[in-house]
Structure formats: C-alpha cells, structure tokens
Number of protein chains: 2
Amino acid sequence: MGQSRNRRPTIIDVAERAGVSKSTAARALAGSSNITEETRERVVKAAEAVGYERNHLAVGMRSGRSGMLGLVIPDITNPFWADVARGAQDRAARAGASLLVFSSDWDPEAEAAHLRTLRRARVDGAIVNPVSDSFDDLDRFGLPCLFIGSSAERFPDISSVGSDIAQAVRLGLDHLVAKGHRAPALILGPKSRLARARFLRAVHEHCVERDIDPAIMPIEDGEYTVEGGREAMKRLLDQPRVGHLAVFAANDMMALGAMMAVRDAGLDCPRDVSVLGFDGIPSGEFAWPGLTTVAKPGRAIGERAVEGLFDEIEHKPEHRRIYMPCRLLERGSLADLSSMAPKRAAGAGRN
Amino acid sequence: MGQSRNRRPTIIDVAERAGVSKSTAARALAGSSNITEETRERVVKAAEAVGYERNHLAVGMRSGRSGMLGLVIPDITNPFWADVARGAQDRAARAGASLLVFSSDWDPEAEAAHLRTLRRARVDGAIVNPVSDSFDDLDRFGLPCLFIGSSAERFPDISSVGSDIAQAVRLGLDHLVAKGHRAPALILGPKSRLARARFLRAVHEHCVERDIDPAIMPIEDGEYTVEGGREAMKRLLDQPRVGHLAVFAANDMMALGAMMAVRDAGLDCPRDVSVLGFDGIPSGEFAWPGLTTVAKPGRAIGERAVEGLFDEIEHKPEHRRIYMPCRLLERGSLADLSSMAPKRAAGAGRN
DNA sequence: CTGAAAGCGCTAACAC
DNA sequence: GTGTTAGCGCTTTCAG
C-alpha cells in the first residue's frame with residue numbers, strides 16, 4: 001500500500017502517485033497558473049487518495065510565515081478577555097491562521113515568558129494586552145505586534161485597538177440624564193490606572209457640554225473587584241445625601257459589588273439607588289435587578305485586532321489607534337426619575 | 001555588525017561567534033553531555049550575545065515534535081470551557097508546550113475543520129470535546145488525542161477526562177437531604193443528551209441507597225439554557241404541590257432560569273422554592289439569592305487532560321477514563337428545612 | 001570531544 | 001508546462 005502506516009504522506013507521495021515531480025505537485029496544490037488543467041486534476045486526486053495534508057511546519061520554514069498568531073491576555077477566564085479571544089480566534093480562522101493563546105495574570109514576568117515562547121514558535125505576529133510598564137520587555141519583541149486594551153496607550157509607537165471610553169462614558173451619562181440622574185456619583189478604579197484617568201476625562205468633557213459642575217459628583221475609588229465596589233458604595237451610602245442616589249461604576253464587578261452594598265444597607269436597587277456598570281459581563285444579566293451597563297465590544301475588538309495585525313504584518317502601515325464603540329445594555333438597575341421629578345422634590349433636581 | 005537587522009540569528013551565527021561548528025553549538029545548547037564545560041560556556045555566551053532563540057519550526061520539523069497541542073472546545077466564551085482552557089494552557093506552558101485553541105460552536109463541520117487545521121499545524125496531540133456523533137471525522141484524526149466532557153463516553157477507544165457526575169449528583173442530593181429536601185424535582189436537559197442519562201442514573205443509584213422511590217420526583221426537560229430552565233420551572237410550578245418545592249437543575253443556566261420563573265410567579269427563593277444548580281459558573285454568585293451549586297472542576301480537568309495527552313503522546317498507554325471530583329458551592333438558594341420540619345407540616349416530609 | 005554531512009517537507013529559482 | 005536543484009534551521013549519525 002505504498003506508504004507505511006506510521007508515516008504521514010508527503011508531497012513526494014502525491015507526486016509519485018500522480019506521476020509527476022514534486023514541484024509540479026506543489027504547484028498544482030498551490031493553485032499556480034502554469035499548470036495543465038489535466039495535470040492539476042490528477043495531482044489533486046492523488047492527494048486525496050493518499051490523504052495528503054500540507055505540513056505547515058515545513059511551509060512555515062520555507063516561506064518564513066508560520067500561519068500562527070499569538071494572543072497574550074491577562075486571563076482567558078475573565079469574560080471580557082474570553083470574548084476578545086473568541087473574536088480573534090474566529091477572525092484568524094477565517095484567514096486560515098491559528099491562534100496561540102496565553103494568559104499572563106497581569107504578571108510582567110509571565111508576559112515576557114509568553115512573548116519569548118511566541119517568538120520561538122515563530123508566530124507571524126502577536127496581539128498583546130501589555131502588562132509590563134517598561135517598554136523594555138515589549139519593544140524587543142521584534143515581531144509585528146498590536147496592542148489591545150486601555151493600557152496600550154502607554155506605548156506611542158505601537159498600533160492598538162480598544163474600546164471607545166469617551167463614547168462609552170457619554171453613552172452612560174446621557175442615559176443617566178435621560179432617566180433623570182444629572183450628576184451621578186462615580187465609583188472608579190485605583191488612581192494608578194490609566195483607564196481611570198481616561199474615564200474621568202470623558203466625564204469632565206460631558207460635564208462641560210451639559211454645563212454641569214463636575215465637582216458636585218461624589219467620587220470613590222476601589223480595586224476593580226466586587227469587594228472594591230462594595231466598599232466604595234458603602235462609603236458613598238455613609239455620606240449625607242438627599243433623595244435618590246445614582247452611581248456610575250467604572251467596571252461591572254464593582255457595580256455588582258455596589259448592588260450588594262445597597263442590599264447590605266437594607267436599601268433597594270433601583271428604588272433607592274440606581275447603579276450603572278461598565279463592561280457588559282454576563283453575570284450582570286443574572287443579578288437582581290439585572291445590571292444596566294455600557295458593554296464593551298470584546299468580540300469586535302478581537303476581530304479588529306487580528307485584522308490590524310494582518311495589516312501590520314503585511315504592509316507595515318502607518319501607526320494606528322482604533323477605538324471600537326460600546327453600547328448600552330438596559331436591564332433594570334436604573335430608576336426612571338424623569339417622569340416623576342416633581343414628586344421627588346428636593347432630591348430629584350440634584351441627582 | 002555581522003547579521004543584518006532583518007534576519008533572526010540562527011545557530012550558525014552562534015557557532016561562528018563561538019568559533020565552533022554548528023553541531024557543537026547545537027549540542028552545547030541542548031545540554032548534551034559530550035561537551036567540554038568551557039566550550040559550552042563559550043557557546044551559551046555567544047547565543048546570548050547575538051540574541052539567539054531556537055526556531056521551533058525547524059526543531060519540530062527535524063524532531064517530528066512541534067511542541068504544540070490543540071484544544072477544541074465548543075465555546076471559549078462559556079465560563080466552564082474558559083476554565084478548562086485556562087487549566088490546559090497553564091499545564092502545557094509548564095511543560096514548555098503551547099496551545100492552539102479553537103471553538104466549534106457545537107458544529108460538527110467546524111469541529112472537523114479545526115481538527116484538519118491542527119493536523120496541518122502538526123500539533124503533537126489534541127484535546128477535544130467531541131461534538132460529532134459519528135466516529136468517522138474523529139477517528140481519522142490520526143494523532144494522539146484525548147477527549148473531554150461528558151460526550152466523550154460515546155467513544156470507547158479513546159481516553160477521556162471529565163467530571164465525576166455520579167459523585168456530583170450524590171453530593172448535591174446529600175446536601176439537599178441534609179437541608180430537609182428528600183426528593184427534589186429535577187430539571188434535566190434534552191432526552192437526546194448523554195449527560196442527561198448519566199445524571200439520571202446517578203439519581204437512581206442515590207435513591208436506592210436512601211430507600212427513596214425515584215418515581216416521586218417530578219421531572220421536567222428543557223434546553224440547557226436560561227430559557228429552558230425558566231420554562232421547565234414554570235411547568236413545575238403549575239403542578240399541584242404541597243409545601244416547599246426543591247429543585248435540582250442539571251445545569252446552572254437552567255437553574256438561573258428557574259430562579260427567574262420563581263420570581264415571575266411572585267414566589268420567593270429560597271423561602272418558597274429551593275434551587276440547586278450544577279456547573280459553578282460565576283454568574284451564579286451574583287444572582288439573588290446566590291445560586292447554591294455543584295461546581296465542576298473545569299481548571300483541573302484542563303490540567304489533567306494535558307497530562308493525559310502527554311501520556312498518550314509518549315507511552316501510548318492503556319486506554320483510560322478519568323473522572324474529576326466536583327465540589328459544593330453553598331450560596332443561598334436553598335432553604336434549610338431540616339430544623340423546622342415539624343413546623344412545616346405535610347409538605348416537609350414529602351420534599 | 002568535535003566537525004562534516006545528510007535530511008525533515010516544502011517552495012522558489014532556474015533550466016529545459 | 002514541467003523537472004531539477006538548492007536551501008529554510010535544526011538535529012543526528014558517522015567519522016575523526
């Protein structure tokens with residue numbers, strides 16, 4: 001039966017079977033033009049007959065293109081990053097490329113190790129959510145590369161794809177205004193985080209447009225976690241206030257924590273307190289009430305990132321920064337004060 | 001400066017710099033024994049100096065081992081599978097291997113396409129949650145391979161790793177009994193699903209041990225989705241019943257849907273209805289009340305699967321079936337009837 | 001202990 | 001149009 005049981009058929013097996021040279025076989029399989037239709041057919045049949053499958057290792061070696069891309073994200077277990085990975089995966093597959101996925105756990109060393117692995121694997125390029133602050137580990141990457149997520153801003157020379165924070169904040173704030181909450185309290189991430197500054201800047205821009213004094217919005221900080229949000233909300237509730245309280249949290253986890261704090265305090269969301277989140281994680285859907293939130297387009301970001309990476313690989317184009325629009329997911333954590341403003345007396349105007 | 005800017009250094013660059021032949025350089029770098037300590041040092045230094053990084057494509061070609069593994073799961077966006085992927089990733093990385101991740105969306109054609117891609121990429125083996133019913137697409141895989149998840153049972157010849165459904169069901173049922181619910185209603189998946197049969201068999205075993213007539217447990221079917229669970233619970237609530245109702249859902253999504261149906265009916269969980277889930281998805285934590293559930297060890301399954309796959313690749317060992325233990329996540333969706341059984345009169349005994 | 005040479009599977013020049 | 005040849009970067013005999 002020709003080839004032995006343990007050996008995968010090579011192009012030589014195909015060539016022999018078709019009675020041509022291996023280069024002719026290769027040409028036929030590659031769809032090259034300088035080939036008799038009849039020969040091509042014979043080769044294709046032979047390939048099928050022996051069960052030939054192109055060896056991408058060999059192709060990659062010869063052509064310098066492995067057909068693989070790397071993806072380094074903080075944690076595939078995080079729903080946002082899973083979404084990104086899914087988008088990247090699908091887009092890559094559509095182009096016949098495969099994705100090597102790694103989780104860095106926000107650890108610069110792990111990130112560096114993964115990048116090294118990707119380099120050795122000879123991926124054609126990589127998409128990275130940069131953790132490392134120093135450019136050192138990253139610029140030495142020496143491969144086409146595109147950054148993703150808010151931390152990408154730190155690196156002026158590298159193209160990036162991310163969500164449009166300014167648009168997202170405006171979307172959320174506009175929605176709050178429409179519901180009768182003009183100046184919500186803010187629950188933000190740690191001061192050290194770049195995302196926090198961008199979020200706050202967008203809030204200020206909105207305030208200028210709407211002629212609101214940003215200073216009247218209470219702000220609490222916390223870690224980007226449920227516990228962080230819970231504690232921040234607790235502090236917010238301890239402050240004196242009149243009427244309904246509306247809160248815009250910079251992250252769904254924090255928003256979920258905030259809702260817990262509301263319950264802890266014996267209050268009701270959305271009756272006493274309105275909460276707006278930011279991210280769009282699935283858990284928000286099953287909270288009670290459902291968490292209204294501004295959803296980041298994780299999947300689209302992943303897809304767009306792969307496209308951008310391909311550009312980077314092929315044309316080495318001008319550096320680009322792409323922001324994908326977010327959208328509002330209305331569920332139930334926001335009270336509608338707009339129609340009953342008169343009834344709410346003092347509180348309604350202020351909040 | 002020797003090598004051009006655009007070329008990655010090869011072992012020849014290292015050899016030249018160290019003043020040895022490329023074979024000696026290779027041996028030194030591979031940690032072979034037949035090398036003078038002094039030579040080795042010189043080579044290693046040279047490698048560092050030129051920034052040498054082994055080309056895994058070339059290594060793979062020569063050695064027949066690419067150092068890559070494939071993972072084909074239904075959807076990386078699903079928290080359970082993300083967990084599995086994370087475990088696999090970490091375990092693979094620890095062994096110096098990389099993971100090619102694909103989502104099949106429960107589509108046999110997509111699965112087949114991904115397997116083909118993996119074969120062409122010359123992965124050393126693959127971990128698959130088989131979707132395809134027919135053995136055809138799969139047995140031709142022709143590579144070391146290990147199945148994962150409950151559908152793996154369909155393939156008697158292939159090793160598999162999954163969660164221990166029997167143990168999980170027992171755990172859940174024992175917990176229900178401890179809380180005073182002897183014969184809960186069951187919300188199960190579609191009759192066509194293998195997992196359903198296994199779940200039900202485990203329930204029956206438990207009943208035999210506890211001397212309970214399984215026939216007294218109401219059963220409703222549904223798709224493994226929120227909507228499926230919601231409708232199933234609705235039907236359950238429409239049935240006549242006495243006292244408290246306890247439900248064991250075969251999947252957290254369904255359990256979450258069931259909790260919604262309880263709310264829809266104007267009832268309260270856990271006061272009127274107790275719900276126990278199965279999976280351990282994060283969303284259950286943020287539902288209100290938190291969903292008590294039996295959690296599958298996704299991460300551990302992923303890790304164990306990679307280990308099993310390595311065995312498969314190396315020793316081609318006897319076929320194995322491995323079941324990983326689940327654990328109970330107690331949150332708040334279960335009423336404790338055990339202490340107040342007398343107060344509850346008729347209902348307590350039955351449920 | 002080290003060097004020379006062969007070859008993994010493929011593609012791209014270069015002949016004919 | 002098709003065959004011949006070289007070589008991608010590496011490891012592994014086989015000599016010395």
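None of these values were measured; they are calculated from a predicted model. Each chain gets a letter, A, B and so on, in the order the sequences are listed, and its residues count up from 1. Heavy-atom basis, side chains included; hydrogens, waters and symmetry copies ignored.
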Quick one: list whatever passes side-chain hydrogen bond (donor to acceptor under 3.5 Å, both in side chains) with [X], sequence neighbours left out.
X: B/E53; result: A/R119
X: A/D164; result: none
X: A/D311; result: A/R320
X: A/E16; result: none

Among all residues two or more places apart in sequence or in another chain, which pass the salt bridge (Lys or Arg N to Asp or Glu O under 4.0 Å) test with B/E48?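 In terms of salt bridge (Lys or Arg N to Asp or Glu O under 4.0 Å), with neighbours along the sequence ignored, B/E48 is linked to no residue.
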
Would you mind building the protein contact string for nucleotides 8-16 of chain D? One character per nucleotide, 5' to 3', B for base within reach (heavy atoms under 4.0 Å), S for sugar-phosphate only, - for untouched. BBBBBB---

List, one per line, each side-chain donor-acceptor pair under 3.5 Å for residues 54-62 of chain A, sequence neighbours excluded.
{"from": "A/N55", "atom 1": "OD1", "to": "A/L57", "atom 2": "N", "distance (Å)": "2.8"}
{"from": "A/N55", "atom 1": "OD1", "to": "A/A58", "atom 2": "N", "distance (Å)": "3.2"}

Please list all pairs meeting salt bridge (Lys or Arg N to Asp or Glu O under 4.0 Å) that have one or both residues in residues 99-110 of chain B, counting only residues at least two apart or in different chains.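 Every salt bridge (Lys or Arg N to Asp or Glu O under 4.0 Å) pair that includes a residue of residues 99-110 of chain B, provided the two are not neighbours, is A/R86-B/D105.
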
Between the two ends of the helix from C/dC1-D/dG16 to C/dC16-D/dG1, what is the bend in degrees, rounded to 10 degrees, where each end axis spans five pairs?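 One end's axis against the other's: 40°.
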
Can you check the B/R120 CZ to C/dC10 C1' distance for me, whole Å?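 Rounding to the nearest Å, CZ of B/R120 and C1' of C/dC10 are 15 Å apart.
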
Separation of atom CD in A/E41 from atom P in D/dG1, rounded to whole Å: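 Going from A/E41 (CD) to D/dG1 (P), I get 16 Å.
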
Taking the basic N atoms (NZ, or NE/NH1/NH2) and the acidic carboxylate oxygens, is any pair closer than 4.0 Å for A/D83 and A/K296?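 Salt bridge flag = no for A/K296 with A/D83.
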
